[in-house]
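As structure tokens, the structure follows; a few thoughts come after it.
So you know, we letter chains A, B, ... as the sequences are listed, proteins then strands, and number each from 1.
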Amino acid sequence: MNMKIKTYKIKSNPNNPRLIKDDKFRKLVKSIREFPEMLEKRPLVCSKDEEGNYIVLGGNMRLKASKEAGLKEMPIILADDWNEAQKKEFIIKDNVGFGQWNWDDIANEWDQENIQDWGLDLPGFDIDGSELDTEFSLDDSEKDAIQKNTFTLSDEQSEEIHKAITEVKKTDEFKYCETFGNTNSNGNALYLIIMQWAEQKK
Amino acid sequence: MGRAKEIKIKVIPSKIANEFVKKYHYSKSFTLGSVLHFGAFLDNKLHGVLSYGNSIDKRNCIGFVKGTKWNEFIELNRMAFDDYLPKNSESRCIAISIKLIKKNAPHIKWILSYADGTQCGDGTIYRASGFYLTNINKNSTIYKMKDGSIKAKHYSSKTVKFDFKGATAMKGFQLRYIYLIDKKSKLNVPIIPFEKIKEVGASMYKGEKIERCN
């Protein structure tokens, strides 16, 4: 049965293994401020300690957010009939998400602004698309835009260059190197090395 | 079509496109040959990427359509979407991207793409988008490496030297599709009826081998 307890008497569980990020916490505070009735239907699960404090087993984030939202009282359910092992098990099981979102339904049947405001992270990359365009240009020259260049090198020079090419290919910069459509990895690696050298010279 | 019509297609930087492809493409890899990347936006987030670029084997591919000059075709070489986009989004995204290519790069006369019937699908999306099926090839280039990763042999020989010792060729087919932007263009390769996919046992949808009922 739900009981209403003064918020100052309810303490967070010092062993709570869950964390909340700032932006998510702000959303939770907002959510509770706007719809505190939800706490009646989903009370905190607590156990009472020897000093008469109510220690939260389930709902530590809601407690923190409710305090921030200025709630003086909160509904709780007591779980004092559980032993320590059961309490520990509950702390984890209460937070395990077994289900998964059907994003197709979310995209089609729900209001996206609300849903993000309520704290659900939608998949996809956060990119400001407002400045992106639909215009572009592609090379329309009729010639093969690839050149083969020959340089004469000593064995030592050649070895050093190949070593550098091999090294640069292992870097993240190589993954994102501008290729201009060239698919020859040695050429792309050499270009990247030159660009890095040019950058250093600046 | 539902909310698919709300999708906005924009040109996005390669760095973002490649990160997205790495996360959502079944191969977890992007190609260095991509030069044009379209992003599919819905609800202010990026949910899909279509990367176009030069074919690895451009000199051989150029002959698939009669009289093609060096820069008159492009390959759709990566297409990746997350689960958020509604049904029919893929073909809508392809259609818009083709429209944009037609507008901004009118010299492009046709588009080449491959469906990987060893791990992904037999090209349902391409068929829905008006591509012609022009080849069904038993896979000889996609290999499962000893560490479980998947590598393309023809590609690696030109870029990174992988050790293919102990690697096994993936079972399945690769299907070649061509879309003619310039409807006057003439294919140099035969058009294969879609029923052939089932006949040769190349049917695959979302990584699962299937029996088509059509």
Side-chain angles (χ1 to χ4, degrees), chain A residues 100-116 120-146 162 165-166 168-170 172-189 191-192, chain B residues 2-3 6 8-16 18-20 22-24 30-36 38-49 52-59 69-72 74 82-87 96 100-101 103-108 155 158-161:
Chain A
Q100 55 186 35
W101 298 102
N102 180 336
W103 296 119
D104 200 10
D105 278 357
I106 295 278
N108 283 288
E109 311 294 337
W110 294 76
D111 183 299
Q112 308 312 309
E113 271 185 37
N114 274 346
I115 218 159
Q116 291 188 70
L120 178 64
D121 284 332
L122 299 180
F125 278 32
D126 273 317
I127 292 158
D128 181 10
S130 60
E131 287 185 8
L132 295 171
D133 210 342
T134 55
E135 288 182 4
F136 58 89
S137 63
L138 289 173
D139 183 8
D140 62 353
S141 62
E142 292 182 8
K143 262 175 53 195
D144 184 342
I146 303 295
H162 280 283
I165 286 173
T166 308
V168 85
K169 280 182 185 177
K170 294 175 189 165
D172 269 357
E173 285 87 349
F174 179 66
K175 288 181 196 165
Y176 303 120
C177 168
E178 182 55 79
T179 65
F180 304 100
N182 183 17
T183 54
N184 182 284
S185 67
N186 284 347
N188 289 328
Y191 172 76
L192 177 59
Chain B
R3 297 195 65 223
E6 293 173 35
K8 299 262 180 289
I9 299 289
K10 291 185 173 179
V11 178
I12 59 168
S14 63
K15 189 172 176 177
I16 292 166
N18 291 342
E19 278 174 23
F20 188 95
K22 261 175 86 175
K23 186 167 179 192
Y24 290 106
F30 56 87
T31 69
L32 287 170
S34 300
V35 292
L36 172 64
F38 292 109
F41 291 84
L42 183 64
D43 300 325
N44 302 318
K45 281 196 175 192
L46 177 68
H47 295 288
V49 165
Y52 288 86
N54 293 306
S55 299
I56 287 162
D57 209 2
K58 196 166 177 176
R59 280 180 186 77
K69 290 177 187 150
W70 186 251
N71 281 315
E72 286 185 341
I74 198 162
D82 68 18
D83 293 336
Y84 187 78
L85 290 185
K87 288 184 182 76
I96 300 172
L100 290 172
I101 290 173
K103 185 182 164 206
N104 293 286
H107 59 284
I108 301 288
Y155 186 56
K158 287 188 178 177
T159 53
V160 187
K161 301 282 180 203

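Considering only residues two or more places apart in sequence or on other chains, A:N114 meets the side chain to side chain contact (heavy atoms under 4.5 Å, CB included) condition with A:D111, A:W118. The salt bridge (charged side-chain N to carboxylate O under 4.0 Å, His left out) search around A:K170 returns A:E167, not counting sequence neighbours.
At a 4.5 Å heavy-atom cutoff, the contact between A:D140 and chain B is made by backbone and side-chain atoms alike. At a 4.5 Å heavy-atom cutoff, the contact between B:P13 and chain A is made by side-chain atoms alone. For B:L85, the part sitting under 4.5 Å from any heavy atom of chain A is the backbone (N, CA, C, O) and nothing else. Looking at B:K8, there are no atoms closer than 4.5 Å to chain A (heavy atoms on both sides), in backbone or side chain. Contact annotation for B:I9: only backbone heavy atoms (N, CA, C, O) come within less than 4.5 Å of a heavy atom of chain A. For a residue to count as touching a neighbouring chain, one of its non-hydrogen atoms must lie under 4.5 Å from one of that chain's; by this rule B:F20 touches chain A with backbone and side chain alike. Contacts between B:D83 and chain A at a heavy-atom distance below 4.5 Å involve backbone atoms as well as side-chain atoms.
With respect to chain A, the highest number of heavy-atom pairs below 4.5 Å among B:I108, B:I96, B:I101, B:L42 belongs to B:I101. Among A:I106, A:N102, A:L138, A:D126, the residue with the largest count of heavy-atom pairs under 4.5 Å with chain B is A:L138.
Here B:E19 contributes atom CD and B:K15 contributes atom NZ; the two are 6.0 Å apart, rounded to the nearest 0.5 Å.
Looking at B:H107, its side chain never comes within 3.5 Å of a backbone N or O of A:S141 through a donor-acceptor pair.
Ring-centre distance between A:F136 and B:Y52: not below the 6.0 Å cut-off.
Looking only at atom types and distance, the side chain of B:K58 has a donor-acceptor partner in the side chain of B:N71 under 3.5 Å away.
A salt bridge links B:E6 to B:R3: one of the charged nitrogens lies within less than 4.0 Å of a carboxylate oxygen.
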